[in-house]
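Report on the following structure.
Note that ligands are numbered from 1 as they come in the structure, with each ligand's atoms numbered from 1 the same way.
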Amino acid sequence: MSLHPVAEKLSELLGREVKFAEDCIGPEASNLVGKMKEGDCILLENLRFHPEEEKNDSGFARKLSSLGDIYVNDAFGSAHRAHASTEGVTHYFSQSVAGFLMEKELRYLGLALADPQRPFAAVLGGAKISGKIDVIENLLGKVDLLLIGGGMVFTFARAMGYTIGDSLLEEDKIELAREIIETAKSSQTRLIFPVDITAAEDINETAKTRVVPIEQIPAGFKGLDIGPKSIELFRHELKKARTVIWNGPMGVFECKPFAEGTFAIARILADITSQGAVTVVGGGDSAAAVSETGLEEKLTHISTGGGASLEFLEGKILPGVAALTDSSKVEVR
Ligand code: AMP
């Protein structure tokens with residue numbers, strides 16, 4: 001967990017010495033900082049070695065703040081947590097500003113939500129409805145198209161009366177799934193579900209797969225990816241979109257037989273980006289999938305914060321962003 005190797009790499013990248021302080025507070029850090037000259041660069045040891053960091057301890061935050069004149073937060077990936085180094089410190093600086101990465105994240109995620117070019121589509125996947133419910137509720141009515149894949153499809157499928165075999169089911173969310181389908185009908189958002197599913201009896205690299213209609217997954221089979229017809233349907237729908245947000249894999253993409261749906265979404269997004277659409281990937285698994293396809297450069301923006309981008313899409317205020325001096329200029333919706 002030490003940042004020591006990071007200091008070495010940073011020295012290499014910057015072409016100058018980056019000094020390393022073995023602790024982020026205390027005499028060594030103050031000493032090194034006190035001796036700094038114009039243009040010097042010092043990396044402090046990982047803040048999380050101190051439990052006070054995640055507790056947002058004000059004494060710890062004050063000690064950190066004594067090391068600088070201006071605070072720049074470039075950690076979008078931690079902005080959804082009010083920790084000493086993201087929120088606490090800002091109480092002790094007259095100027096707390098966003099770094100370039102933070103600015104970029106807020107620009108793309110913020111603009112996509114606040115002022116998207118339409119049609120505006122969201123592709124949501126991942127294991128469970130329960131993990132994405134706030135995102136779905138925030139996006140219903142905002143997006144023109146909501147394409148749903150991943151394990152959460154099957155709770156919706158059950159809500160529609162389909163047979164889902166041994167697929168992932170959240171029994172206690174069936175009613176909620178029904179409500180989401182109903183709410184969507186009277187909103188401007190069109191919900192789009194897969195029409196076919198790649199299913200198997202087991203999740204492993206040599207699993208025998210079967211493509212089955214979404215309405216009829218046989219007993220003993222689990223739905224583990226969206227099928228080829230669904231990929232074509234999603235392609236057809238996404239081609240119309242001018243702005244797309246993607247969060248969550250379409251299937252168990254960590255396992256090759258069930259990765260195609262997720263990789264196909266990455267390719268479709270790369271394709272529409274080349275035709276002028278704005279495509280934003282919300283970190284985590286979907287970002288990992290894009291990087292596996294080698295298409296990172298072909299999409300508009302890939303967020304570096306899985307949890308933070310999810311909370312952003314949920315419409316929540318990120319404490320690390322709200323604490324910045326100019327936060328009123330940030331579109332957080
Ligand atoms: P989440 O953290 O909710 O975004 O879920 C990501 C996880 O969902 C990944 O590890 C996928 O393997 C898993 N997942 C996606 N589709 C399915 C599915 N059909 N059945 C079970 N797990 C799935």
Side-chain angles (χ1 to χ4, degrees), residues 77 80 122-139 146-160 162-174 176-177 180 192-205 207-231 234 245-266 280-293 302-314:
H80 59 316
V123 184
L124 291 183
K128 295 176 174 176
I129 294 192
S130 49
K132 300 282 153 75
I133 179 62
D134 292 340
V135 180
I136 297 176
E137 284 181 347
N138 189 42
L139 293 182
L146 183 52
L147 291 81
I148 298 202
M152 67 171 133
V153 158
F154 306 103
T155 303
F156 282 104
R158 175 56 84 74
M160 291 186 272
Y162 301 161
T163 308
I164 64 164
D166 288 353
S167 308
L168 204 63
L169 171 69
E170 286 176 280
E171 198 91 49
D172 60 337
K173 295 288 178 290
I174 298 174
L176 180 71
I180 292 170
I192 295 158
F193 292 104
V195 287
D196 61 350
I197 291 293
T198 299
E201 284 170 300
D202 298 299
I203 306 176
N204 62 55
E205 292 293 331
K208 268 205 192 133
T209 60
R210 245 171 93 173
V211 175
V212 295
I214 178 92
E215 297 88 349
Q216 199 58 258
I217 299 173
F221 278 76
K222 300 177 186 44
L224 296 168
D225 194 10
I226 59 173
K229 282 192 186 135
S230 309
I231 293 175
F234 283 18
I245 293 177
W246 176 25
N247 187 294
M250 298 292 100
V252 181
F253 78 108
E254 301 91 335
C255 196
K256 202 161 173 274
F258 316 110
E260 184 47 30
T262 304
F263 291 158
I265 297 293
V280 182
V281 180
D285 285 326
S286 349
V290 174
S291 108
E292 269 188 63
T293 53
I302 299 173
S303 178
T304 54
S309 66
L310 201 61
E311 292 200 15
F312 200 93
L313 297 180
E314 288 169 358

Quick check: closest heavy atoms across [X] and [Y], and the distance to 0.1 Å?
X	Y	value
D202	F258	O-CZ, 3.8 Å
P257	E205	CG-O, 3.5 Å
G223	I197	CA-CG2, 3.4 Å
A287	V281	N-CG1, 3.7 Å
E170	T155	N-OG1, 3.0 Å
E314	D134	CG-CB, 3.4 Å

Protein contact to [atom] [nearest heavy atom, distance to 0.1 Å]:
atom	value
atom 5 (O) of ligand 1	A127 N, 2.9 Å
atom 14 (N) of ligand 1	G251 O, 3.9 Å
atom 9 (C) of ligand 1	E254 OE2, 3.2 Å
atom 4 (O) of ligand 1	K132 NZ, 3.0 Å
atom 17 (C) of ligand 1	G151 N, 3.3 Å
atom 23 (C) of ligand 1	V252 CG2, 3.5 Å

For ligand 1, is F154 a contact, meaning one of its heavy atoms is under 4.0 Å away?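 So F154 counts as touching ligand 1.
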Does ligand 1 have an atom that lies less than 4.0 angstrom from a heavy atom of M152?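 False for this residue.
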Which word best sums up how the rings of F193 and F156 line up, parallel for under 30°, tilted for 30 to 60°, or perpendicular for over 60°?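 Plane angle between 30° and 60°, so tilted.
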Is it true that T198 and E260 share a donor-acceptor pair across their side chains at a distance under 3.5 Å?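 Result is no, nothing qualifies.
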Ligand-side contact atoms (ligand 1) for residue partner D285, heavy atom cut-off under 4.0 Å: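 The list of qualifying atoms is 6 (C), 7 (C), 9 (C).
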Per-atom contacts, ligand 1 versus G150 - under 4.0 Å to a heavy atom: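 So the answer, numbered in order with elements, is 16 (N), 19 (N).
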Indicate yes or no: does an N/O atom of G223 lie under 3.5 Å from an N/O atom of ligand 1?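 Yes; at least one N/O pair falls below 3.5 Å.
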